[in-house]
Amino acid sequence: MTVTPTAVDAGTVSTAYRAALDVISSVEPRIADAIGAELTDQRASLKLIASENYASPAVLLTMGNWLSDKYAEGTVGHRFYAGCQNVDTVEGLAAEHARELFGAPHAYVQPHSGIDANLVAFWAVLAQRVEAPALAVAGARHVNDLAEADWSTLRHALGDQRMLGMSLDAGGHLTHGFRPNISGKMFDQSSYGTDPETGLLDYAAVRAKAREFRPLILMAGYSAYPRRVDFAAMREIADEVGATLIVDMAHFAGLVAGKVFTGDFDPVPHAHVVTSTTHKSLRGPRGGFVLCQPEFADAVDRGCPMVLGGPLPHVMAAKAVAFAEARRPSFATYAQAVLDNAVALAEGLTRRGVRLVTGGTDNHLVLLDVTSFGLTGRQAESALLDAGIVTNRNAVPADPNGAWYTSGIRLGTPALTSRGFGPAEFDRTAELIAGVLAGTSPGATSSGGVSKAHYTLADGLADRTRSAAAELLAAHPLYPGLDLGRDT
Ligand code: DSN
């Protein structure tokens, strides 16, 4: 399996990209060079960043055209600009594919990113649950119709709501109420963590916290928690305390689309609102979207211009193409392989003495605790990069090294699975990673103390690992047959 789910041959795709680069080069050759160099770099690295992937040529090519030139604030058939008939077609198709793919009553495909999707969701819940009742009590149809005193009361009420989300060091996301993020400033926030012994979500503890805190919004979803979440249980908790359940499925949307997460583990039937990005395990263009139950649809559709700038029609078009790809049976095979490969990677690391947070995985990511090697996440990340393995450092629960140096490394399988890696290749990858960690020693600070950033790799280890990685990558080329016809 490769990332090129297109009936068009690689020669035609090469011709398209060569022509595009020639046109770009005629204006700013350094940009054409950087685009070429990025392909070379991506082809040459063992990419294990859990939030990255490789989109298909069809998705990528859909973004480079004149749809980009159109303003289209509003929604399908209800625009603040004239001449939006083609954007209506694009947005309508993207939303239809999203609804069908996820079995959702409503889809909004305008958000430019995951943060934007979450802001749209937050606004929709505030609009539906705080603003609309206040308007009804005042007998007003619109905020402009409110008397000054009622408007002032409503503004304070909007700013006085509570959100409960998973803490950042337990694997939650910064947009789920983390104080430095706008979400932590919009809401009075509290968080739930994971069990200190097992690292697993403790639903009884979440329930107790929710009963005590009584949030308007209960957030579920994660960016560094290596396990499935029981969304039926989260909905029960939300209902018990009168909260609206928002699930941010940005990381695992591909596993939902590919029907790997079903029943209690599929957020769509259980959450009031689901937010996501399109570019992670879902393998689409860089962007976001929102799915919701009918009662939130009108408020979600007011995302632009309430929260978002003008939609990006070229990206919505690419989302439609990506959703269409994800509706094919081959995507379900891919999604299952993402999970199987993560399990193989986790088992390969465990067998070689690497400690994993929660002891394993049942999604697309694995979280390593590298403290047993005497390393910080930052040292491990840098040493792995020297050896041609691209990862990112990540905090582990109650991380003694904080959010900058960290004690963890987060790995994900979506990208290399798109290149055709299977369990054997991921086991070999585990061997390479364990070898680099075991062969890296912490360095010293200029005053002779133990550094959290400096490190030393054993002689020749980086080169040996790079060659071994190159062998794996050569057997599974990225965009096979795509030839830009230029040196990069
Ligand atoms: N930056 C993304 C990630 O790496 O998980 C989430 O926003």
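Both ligands and their constituent atoms are indexed starting at 1 by order of listing. In what follows, every heavy atom counts, from backbone to side chain, and hydrogens, waters and symmetry copies are set aside.
Cation-pi geometry between K280 and F252 is not satisfied (NZ or CZ under 6.0 Å from the ring centre, within 45° of the ring normal).
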Assess the residue pair F323 and F289 against the criterion (ring-ring contact (aromatic ring centres under 6.0 Å, His included)); give the C-alpha distance rounded to whole Å, side-chain angles, the decisive distance to 0.1 Å, and a yes or no.
CA-CA 11 Å; F323 293 143; F289 66 101; 5.2 Å; yes
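Residue H173 approaches ligand 1 through these ligand atoms, each under 4.0 Å from one of its heavy atoms: 6 (C), 7 (O). Which parts of ligand 1 touch S223 is read off a 4.0 Å heavy-atom cut-off, strictly below it: atoms 5 (O). The contact set between ligand 1 and S51, taken as ligand atoms under 4.0 Å from a residue heavy atom, comprises 3 (C), 4 (O), 5 (O). Atoms of ligand 1 lying under 4.0 Å from at least one heavy atom of R410, given by number and element, are 3 (C), 4 (O), 5 (O).
Considering only non-hydrogen protein atoms, atom 5 (O) of ligand 1 sits nearest to H251 NE2, 2.7 Å. The protein non-hydrogen atom at the shortest distance from atom 2 (C) of ligand 1 is K280 CE, 3.9 Å.
A salt bridge links R428 and E431; the closest N-O separation between the charged side-chain nitrogens and carboxylate oxygens is under 4.0 Å.
Smallest separation of non-hydrogen atoms from V59 and A55: CG1-CB, 3.8 Å.
With 3.5 Å as the limit, one finds a donor-acceptor pair spanning the side chains of H106 and D301.
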